[in-house]
Amino acid sequence: MTAPVFVVEQLPAGPEFVLDGPEGRHAVSVKRLHAGEDVVLTDGRGRWAQGVVRAAEGKDRLLVTGVEPVREEALPSPRITVVQALPKGDRGEVAVETMTETGVDAIVPWQASRCITQWKGERGLKSLAKWRGTAREAGKQSRRVRFPEVTEAMTTKQVAVLLAATDFAGVLHEDRAHDSEPLATAVLPAGGEIVLVVGPEGGVSPDELAAFAQAGARPYRLGHSVLRTSTAGTAAAALLLGRTGRWG
């Protein structure tokens with residue numbers, strides 16, 4: 001198994017480093033790391049360094065030695081963004097977790113017209129913090145060193161502006177009364193930006209579909225079955241990562 005990942009605000013400038021605070025506590029008390037084990041330190045934005053545990057002190061200090069020079073992971077190409085309509089309950093965190101593990105590069109919370117969940121005021125701030133915390137933890141768990149960006153929640157108009165500026169824009173939409181193409185055979189760009197929209201439990205409304213079509217986003221389907229909003233983005237991202245060669 002690859003070395004566990006820990007997030008640090010400042011990457012080490014020399015061959016030794018002390019991992020403390022919440023990350024140190026997790027390494028010592030939860031992971032129970034011992035001398036000789038490899039660890040990866042990252043800022044979550046693509047920069048990382050690998051080192052070896054020298055010792056654990058108390059319950060929250062890990063002494064790391066032999067830290068290699070800082071490296072930087074290349075930016076992904078094409079970059080994949082999923083616009084995720086707000087699901088009910090904790091399904092939003094489930095969607096963020098699995099999309100992060102799969103390899104999505106950015107997640108945009110979308111307040112669609114048919115969303116039951118509403119992000120307003122303090123509740124909205126707390127929900128966004130949960131999504132961002134989930135992306136961070138899932139990024140560590142899946143051994144990523146570049147975690148997905150979770151943006152502020154967007155309105156339909158804001159999503160349309162995002163779609164108009166991308167290299168490939170699509171809306172996952174399964175409706176027998178509405179024409180759609182298989183995502184599996186869509187012509188994809190070799191680089192640049194791919195943005196996919198995932199609607200809420202009640203589906204994307206006709207007005208939203210029209211706004212997105214005007215922005216250049218076509219409707220696509222994944223298959224004959226209808227996926228939950230919390231799983232559709234993950235399934236679509238896996239398909240795109242395979243087709244673009246990023247899952248090589």
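Values below: all heavy atoms of this structure, side chains included; hydrogens, waters and symmetry mates excluded.
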For Gln214, which residues count as a side chain to side chain contact (heavy atoms under 4.5 Å, CB included) partner, sequence neighbours excluded?
none

Just jot down the side-chain hydrogen bond (donor to acceptor under 3.5 Å, both in side chains) partners of Thr117, sequence neighbours excluded, or say none.
none

Are the ring centres of Phe168 and Tyr220 closer than 6.0 Å?
yes

Checking Arg71 now: which residues fulfil side-chain hydrogen bond (donor to acceptor under 3.5 Å, both in side chains) with it, not counting sequence neighbours?
Glu68

In residues 74-88, what donor-acceptor pairs under 3.5 Å come from side-chain atoms, sequence neighbours left out?
residue, atom, partner, partner atom, Å
Arg79, NH2, Glu149, OE1, 3.4
Gln84, NE2, Thr229, O, 3.3
Gln84, NE2, Thr229, OG1, 2.8

Pairs meeting criterion side chain to side chain donor-acceptor pair (under 3.5 Å) with involvement of residues 6-20, two or more places apart:
none

Quick one: side chains of residues 130-142, donor-acceptor pairs under 3.5 Å with protein atoms, not counting sequence neighbours, listed by atom name and distance.
residue, atom, partner, partner atom, Å
Arg132, NE, Val150, O, 2.9
Arg132, NH2, Val150, O, 3.0
Thr134, OG1, Lys130, O, 2.8
Lys140, NZ, Glu23, OE1, 3.3
Lys140, NZ, Glu23, OE2, 2.7
Ser142, OG, Ala138, O, 2.7
Ser142, OG, Gly139, O, 3.4

So does Leu227 get a backbone contact from the side chain of Thr231, meaning a donor-acceptor N/O pair under 3.5 Å?
no

Sequence-distant partners of Arg221, side-chain hydrogen bond (donor to acceptor under 3.5 Å, both in side chains), two or more places apart
Ser180

Quick note, side chain to side chain donor-acceptor pair (under 3.5 Å) partners involving residues 100-109, not counting sequence neighbours, are Asp105-Arg246

Tabulate below the donor-acceptor pairs under 3.5 Å that side-chain atoms of residues 51-67 make, not counting sequence neighbours, or state none.
residue, atom, partner, partner atom, Å
Glu57, OE1, Arg61, NE, 3.1

Contacts of Phe147 that satisfy ring-ring contact (aromatic ring centres under 6.0 Å, His included) - sequence neighbours left out
none

Among residues at least two apart in sequence or on other chains, which ones pass side chain to side chain contact (heavy atoms under 4.5 Å, CB included) with Val145?
Val40, Thr42, Trp48, Glu73

With sequence neighbours left out, the residues meeting side chain to side chain contact (heavy atoms under 4.5 Å, CB included) with Asp167 are Pro189, Glu193

